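Structure first, commentary second.
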There are 2 protein chains.
Amino acid sequence: MKVTSHEKVDVLAMANHSINEKNADQQQKHQLKNEDATVSAYMSQCFISVSVADSVLSVKSNLIDQLEGEQIPTYLYVIDDEGYLNGILPVKVLLTVADDLFVSDIMRQSYFSVSPEQSRHDIYSLINHSGMDSVPVIHFGKLVGVLRPQDIAELIEDENTLDAHLQGATLPLNEPYLSTSPITLWRKRVGWLLLLFVAEAYTSAVLKAFEDQLEAAISLAFFIPLLIGTGGNSGTQITSTLVRAMALGEVSLRNLWAVLRKEVSTSFLVSVTISFAALIRAWILGVGIEVTIVVSLTIIAITVWSAIVSSIIPMVLKRFSIDPAVVSAPFIATFIDGTGLIIYFEIAKLVMTELA
Amino acid sequence: MKVTSHEKVDVLAMANHSINEKNADQQQKHQLKNEDATVSAYMSQCFISVSVADSVLSVKSNLIDQLEGEQIPTYLYVIDDEGYLNGILPVKVLLTVADDLFVSDIMRQSYFSVSPEQSRHDIYSLINHSGMDSVPVIHFGKLVGVLRPQDIAELIEDENTLDAHLQGATLPLNEPYLSTSPITLWRKRVGWLLLLFVAEAYTSAVLKAFEDQLEAAISLAFFIPLLIGTGGNSGTQITSTLVRAMALGEVSLRNLWAVLRKEVSTSFLVSVTISFAALIRAWILGVGIEVTIVVSLTIIAITVWSAIVSSIIPMVLKRFSIDPAVVSAPFIATFIDGTGLIIYFEIAKLVMTELA
């Protein structure tokens, strides 16, 4: 970004000023905007209201004085004495029509509106990509606020931040990262981590159940991290793509069958490629033909299994109104680790005659 | 979102129309907006230009006719015959001043501008949270386009989508998910997955190197997925928080020391908690006091090690101008898996006298 040479100092001062204002503003609002934030945490009281009985001339002549900042709003809001919204008035129309008309002659009575109690998550899917400029917030017919373009931008940004944190299996922070204490970070993280630990603890039981097979062919153990890691990674690729596509409104539950077909085909192509790499890897380690075959077959089975799980879970969660963003990489990895080990040892028992 | 009862059909038709327009628009632009997209892929030609010699009266009277859509721009752009930008003209000022003035009297000569070749990633950090409404795009002094509020919103959204895909260790899609073929998905995914597989293949070598220890105490194998999984998960929590904080401009390389101190303290608190759970888990499995101690100590060591790695890597990548969002959960998991196993078996050799 460049600043032209004229009045450089002024511009920087100006910029700093506006950044400080913005920070102060954010600080003030930050307490409210946790993961359950509703429209009321984002709406602004900075809107211009007029009455049906006002004349175009009087609205026009007062307009400039009422503007805060340099932006010119797209709409004025027509409310009555008790605060009920009667309609909206496009400023462009106001500037075009004759001065002797009244607001009631030119106001628009059809418009989108939202309620202050609607969740950020709902509004995100509705407003994002709609191209809407500003949206009135209405509570039992009364205008209680307006989502301005910058409020909408902030809401979308916060929802993206929430999703980013959920995808990392941690709770979102309510304050900037650098001012968050280790104790707070511990509280935000330890819940999910303990939950994942307890779920993953199941893998020890699985391995203990296959202790005899492990003792008979210790080289099977060499491939445990590689096999379950690959299963988790390929599942993560699918969920991160799907979760984002669902956030952008491109995919919903009615596409389940199409998604499943697409992901199973893709994962088969992927697994055959990786299986070839696994064959080479096992051959280099010199673990014998049987273990090599088991490892290659397991890669295919785990990758396809991982694709099925990773396609279905986010969509099913969405069905039960749970934010699919909670299906994070750690979530999928934990699920695949336990089930993948069972697949591995069952294939080993089938292929290796000494284990049967 | 509610639609008031009046003229319901019209509103919906209107909404559909605008959505179709938007889709057509997106389709057209989509080819350009891959991960290397620059400002030129987002800027618009929809701006109103005036000349320094124009009178306020003539600009005012032509303004309304030149508006596309209902939004009123915050600025007009003052350009000369050869297309050089001379200044910007706030519409609010235009509407306030006397008709007999000229553009040259009221235009502003200090403003922020960007270049069409700047990358989306750079612009994202600069513009996001700046509260800027629209930004002129200038190439060697000439005005070549404008980033309108909706263009800025689209740029920010695309950067968020890219980050979401990178965090899943997959390449971003250039078209909507449902219209992407399995072959394309395969191409987007297989590169990262193969790379991770090859990196993870190292774990087999590590385990083979500790084959004697494994044979002597097979129960050590039971905890492999649990230990490396927990290390990966706690690292993922850190990188997802850090990567987002860096994208929002809250954290940069000069905070490295503060981040490291914060994360090492936090991970110590976290690891002690999880270590207690590990102690209970190993005790339930009945693997003996020595393995139980090894598992509990390893959880602490791996979690703190994972915190160090996860704090440093994203910041170092940023230093080398690599988008830190590539440090995904699979990336961290792969790194921790191999090194975590070494930590595990070295601790085992220290604690368990029969392995020494």
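Values in this document were obtained by computation on a predicted structure and should not be read as measured data. Residue numbers begin at 1 in each chain, while the letters A, B, ... track the order of the sequences.
The distance from the CD1 atom of A:Ile64 to the CD1 atom of A:Ile72 is 6.0 Å, given to the nearest 0.5 Å.
Of the two parts of B:Thr184, neither the backbone nor the side chain holds a non-hydrogen atom closer than 4.5 Å to a non-hydrogen atom of chain A. Of the two parts of A:Ala164, the backbone and the side chain both hold a non-hydrogen atom closer than 4.5 Å to a non-hydrogen atom of chain B. Neither the backbone nor the side chain of B:Pro149 comes within contact range of chain A; no heavy atom of the residue lies under 4.5 Å from a heavy atom of that chain. At a 4.5 Å heavy-atom cutoff, the contact between B:Val259 and chain A is made by backbone and side-chain atoms alike. For chain A, the nearby part of B:Ile299 is the side chain; its heavy atoms alone come within less than 4.5 Å. With a 4.5 Å cut-off on non-hydrogen atoms, A:Asn255 touches chain B through its side chain but not through its backbone. For B:Leu194, the parts lying under 4.5 angstrom from a heavy atom of chain A are both the backbone and the side chain. Interface residue B:Arg244: only side-chain heavy atoms are found under 4.5 Å from chain A. For B:Leu242, the part sitting under 4.5 Å from any heavy atom of chain A is the side chain, from C-beta outward, and nothing else. With a 4.5 angstrom heavy-atom cutoff, A:Ser328 does not touch chain B via any of its atoms. Heavy-atom distances place the side chain of A:Tyr75, and not its backbone, under 4.5 Å from chain B. Within the 4.5 angstrom heavy-atom criterion, atoms from both the backbone and the side chain of B:Asn160 approach chain A. With a threshold of 4.5 angstrom between heavy atoms, A:Ile152 does not approach chain B through any atom at all. With a threshold of 4.5 angstrom between heavy atoms, A:Ala247 does not approach chain B through any atom at all. There is no contact between B:Ile284 and chain A, counting heavy-atom distances below 4.5 Å. Both the backbone and the side chain of B:Ala205 come within less than 4.5 Å of a heavy atom in chain A. When heavy atoms are compared at a cutoff of 4.5 Å, A:Ala282 does not approach chain B at all.
Heavy-atom pairs under 4.5 Å with chain A were tallied for B:Val190, B:Thr273, B:Thr239; the largest tally goes to B:Thr273. Contact count versus chain A (heavy atoms, under 4.5 Å) is highest, among B:Leu226, B:Thr170, B:Thr236, for B:Leu226. Listed options B:Leu178, B:Val93, B:Leu67 were ranked by heavy-atom pairs under 4.5 angstrom with chain A; first place goes to B:Leu178. When the candidates B:Ala333, B:Ala221, B:Ala277 are compared by the number of heavy-atom contacts under 4.5 Å with chain A, B:Ala277 comes out ahead. The choice from B:Thr241, B:Asp337, B:Leu95, B:Thr230 that makes the most heavy-atom pairs within less than 4.5 Å of chain A is B:Thr241.
Nearest approach of A:Pro225 to B:Leu341, heavy atoms of both residues: CG-CD1, 3.9 Å. In terms of heavy-atom proximity, A:Glu70 sits nearest to B:Thr74 at O-CG2, 3.4 Å. Shown here for A:Gln118 and A:Ser115, the closest heavy-atom pair between the two residues is OE1-N, 2.9 Å. Taking every heavy atom of both residues into account, A:Val91 and A:Pro73 meet most closely at CG2-O, 3.2 Å. The two residues B:Val206 and B:Gly338 have their closest heavy-atom pair at CG2-O, 4.2 Å.
A salt bridge does not link B:Lys188 to B:Glu175: none of the charged nitrogens lies less than 4.0 Å from a carboxylate oxygen. Salt bridge B:Lys208/B:Glu215: absent, no basic N to carboxylate O contact under 4.0 Å. A salt bridge is defined here as a Lys NZ or Arg NE, NH1 or NH2 lying under 4.0 Å from an Asp or Glu carboxylate O, and A:Arg281 with B:Glu200 fails to meet this definition.
Residues B:Ile123 and B:Val135 are not in side-chain contact: their nearest non-hydrogen atoms beyond the backbone lie 4.5 Å or more apart. Counting heavy atoms from C-beta outward, B:Val114 and B:Ile138 have side chains that stay 4.5 Å or more apart. Residues B:Leu185 and A:Lys262 have side chains in contact (heavy-atom distance under 4.5 Å, counting atoms from C-beta outward). The shortest side-chain heavy-atom distance between A:Val287 and A:Phe223 falls under the 4.5 Å cut-off.
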